[in-house]
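Beneath this line is the structure, given in structure tokens, with notes to follow.
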Protein chains: 2
Amino acid sequence: MEFELKILGSASATPFLDRHHTAQVLTVNGTPYLIDCGEGTQRRLLDQKLRPQRLQTIFISHLHGDHFFGLFGLLGTMNLTGRTEPLRLFGPAGLDEVLTTQMRHSHSQLNFALEFTAVDTTAHQLIFEDKNLTVHSLPMRHRVPCCGYLFREKPKRRRLLADQLPDGLVPAQLTALTQGEDLLDEAGQVLVRNAAVTAEPKRARSYAFCSDTLYTETLANLVQGVDLLYHEATFLDDMRERAAVTHHSTARQAGLLARRAEVQQLLIGHFSSRYRDLQPLLTEAQAQFPWTSLAVEGLTFSVAE
Amino acid sequence: MEFELKILGSASATPFLDRHHTAQVLTVNGTPYLIDCGEGTQRRLLDQKLRPQRLQTIFISHLHGDHFFGLFGLLGTMNLTGRTEPLRLFGPAGLDEVLTTQMRHSHSQLNFALEFTAVDTTAHQLIFEDKNLTVHSLPMRHRVPCCGYLFREKPKRRRLLADQLPDGLVPAQLTALTQGEDLLDEAGQVLVRNAAVTAEPKRARSYAFCSDTLYTETLANLVQGVDLLYHEATFLDDMRERAAVTHHSTARQAGLLARRAEVQQLLIGHFSSRYRDLQPLLTEAQAQFPWTSLAVEGLTFSVAE
């Protein structure tokens with residue numbers, strides 16, 4: 001099953017002709033999760049043939065417009081097109097007030113339950129879990145309360161080796177085997193040894209979304225070894241003072257963090273509109289961490305099972 | 001000088017791949033006025049090479065998302081790109097609260113003055129005037145407080161006939177002539193007869209923006225004889241009951257109103273996403289009023305002097 005990240009926008013605050021504001025869709029085993037929702041995200045979803053009604057969960061990092069102004073329109077469209085299924089929304093406190101103020105003045109009422117959870121942006125903790133994955137908050141250091149999100153697949157079960165299995169096992173026994181148990185007879189003696197008929201489970205894949213933030217070394221501990229790390233890289237390193245003032249990172253810093261965290265792959269984005277050509281940002285990050293890609297519009301990054 | 005309307009969006013609430021939410025730019029004598037600001041309007045402005053910083057005045061009809069969700073991002077971009085010049089904003093009461101709630105939570109502060117005027121959407125009255133034009137509100141009948149806007153060029157001065165003018169007139173005398181006065185000598189005798197050296201002024205052009213609204217016959221009195229009338233035509237007339245329930249109009253009703261109001265040209269827009277092909281809407285309106293056009297993305301409608 002897929003574990004796949006689709007990039008809908010790579011721009012930072014000032015828009016740019018062919019770049020859009022931050023929005024990403026992580027799809028895990030058929031379930032899409034929307035991460036951030038800059039202005040125009042509903043149109044990007046249409047472009048990518050991702051039906052908004054399929055979304056069940058949305059994660060917003062912070063309340064700067066380039067990360068959530070598309071949410072108003074997306075919710076409106078979900079409503080107009082007949083949604084009745086609940087929608088889970090995670091984000092900093094205040095997002096609910098922004099939404100309800102707007103809905104009050106438009107005399108709007110959602111015909112579906114919007115289940116908002118205010119995320120403590122200063123804590124690293126479990127905030128959500130479903131059949132596919134767990135999601136932990138990642139404290140970012142930005143000008144407003146801001147958090148990243150760490151998505152981890154649930155631990156998987158051991159795989160049955162069909163040609164090694166004895167005949168006649170019942171479903172409960174097969175389940176026990178995928179959970180790593182030996183099968184015992186009534187006397188408690190081993191009937192089927194787990195290691196003989198099962199293989200190691202497929203590994204649980206992971207994705208860490210880190211935007212917007214100052215370069216923060218301790219973040220490396222929280223995202224250690226993830227398969228995919230998205231880290232903002234608003235500026236080149238010759239603008240690191242500007243990055244510090246605005247609470248953003250440079251491409252070099254993103255690369256450094258990926259190296260420290262020993263991730264498999266780094267994606268950089270949230271590029272300042274001053275960079276028409278993104279190659280220097282990529283080159284700078286790759287000098288620290290070779291396995292870096294530009295997370296630009298329309299690209300999909302898959303993690304193999 | 002131009003009097004020109006550029007259409008940035010023709011869609012009603014549910015978006016559609018190649019249609020955008022309502023936004024229009026009326027340009028009069030070099031000054032652009034933005035009318036409504038659906039999601040993505042800042043990008044449409046970029047596409048049309050209209051720099052947001054040139055906008056001094058924005059008119060919002062009502063607080064349904066497809067008419068103003070682009071305002072958040074547009075103001076943000078103006079701010080980020082260094083605007084210091086004041087911006088005038090007209091719209092229904094409540095728009096200011098929606099904006100300030102959002103700005104409070106994003107810890108944002110505009111570096112320019114946003115001069116908001118709450119428009120009484122039930123009254124037909126002068127709400128704005130500058131060197132180019134006057135703007136009157138037009139009461140709409142919609143599910144929420146909503147008003148259209150009537151833009152009229154200021155009455156123009158008489159035109160001087162250069163080859164009829166005597167030599168030696170001073171600027172103050174020329175100005176008096178353009179204002180329709182005769183020039184008198186010290187004894188009060190007519191020195192230069194106005195009618196002999198001036199021609200009728202160019203006529204003052206006008207544009208009425210009417211969206212969203214139930215078909216309302218009395219509106220014809222308020223927009224009588226305008227050069228350009230934009231009237232919403234969300235549905236075909238076979239859906240007039242649906243139009244009545246949702247407080248919208250049909251293409252036939254838009255045509256009827258244009259005929260009653262004896263306008264020069266009718267533009268229809270705000271099309272329901274159920275209509276992939278817009279020709280039936282155009283045909284239906286033209287059956288009532290032949291001088292009808294579809295107001296679709298990218299089109300510009302000019303009124304000659």
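Values in this document were obtained by computation on a predicted structure and should not be read as measured data. Letters A, B, ... are given to chains in the order of the sequence lines, protein chains preceding strands, and every chain is numbered from 1.
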Original post:
Looking at A:Gly73, A:Pro92, A:Gly38, which one has more heavy-atom pairs under 4.5 Å with chain B than the rest?
Top reply: A:Gly73

Subject >> Validation row: B:Pro145, A:His105 side chains within 4.5 angstrom (heavy atoms) >> reply: no

Subject >> A:Arg242 atom CZ, over 12 foreign heavy atoms within 6.0 Å >> reply: no

**OP:** Report the residue from A:Leu63, A:Val98, A:Thr101, A:Leu95 that forms a side-chain contact (heavy atoms from CB on, under 4.5 Å) with B:Gln102.
**Re:** A:Val98

**OP:** Flag the one option from B:Gly65, B:Ala93, B:Ser106 with the top tally of heavy-atom pairs under 4.5 Å to chain A.
**Re:** B:Ser106

Subject >> More than 12 heavy atoms of other groups within 6.0 Å of A:Gln109 CD >> reply: no

Original post:
Relative to chain A, which of B:His20, B:Arg104, B:Glu97, B:Arg143 shows the most heavy atom pairs under 4.5 Å?
Top reply: B:Glu97

Original post:
Relative to chain A, which of B:His64, B:Met103, B:Arg43 shows the most heavy atom pairs under 4.5 Å?
Top reply: B:Arg43

Original post:
chain B heavy atoms under 4.5 Å from A:Leu80: which part of the residue, side chain, backbone, both or neither?
Top reply: side chain

Original post:
Heavy-atom count around B:Glu241 CD within 6.0 Å, excluding the residue itself: above 12?
Top reply: no

Original post:
Should the ring pair A:Phe72 and B:Phe72 be called parallel, tilted or perpendicular, given that the plane angle runs from 0 to 90° and is split at 30 and 60?
Top reply: parallel

**OP:** Against chain A, work out which of B:Leu99, B:Asp66, B:Thr77 has the most heavy-atom pairs shorter than 4.5 Å and name it.
**Re:** B:Thr77

Subject >> Residue A:Thr41 versus chain B: region with a heavy atom under 4.5 Å >> reply: backbone

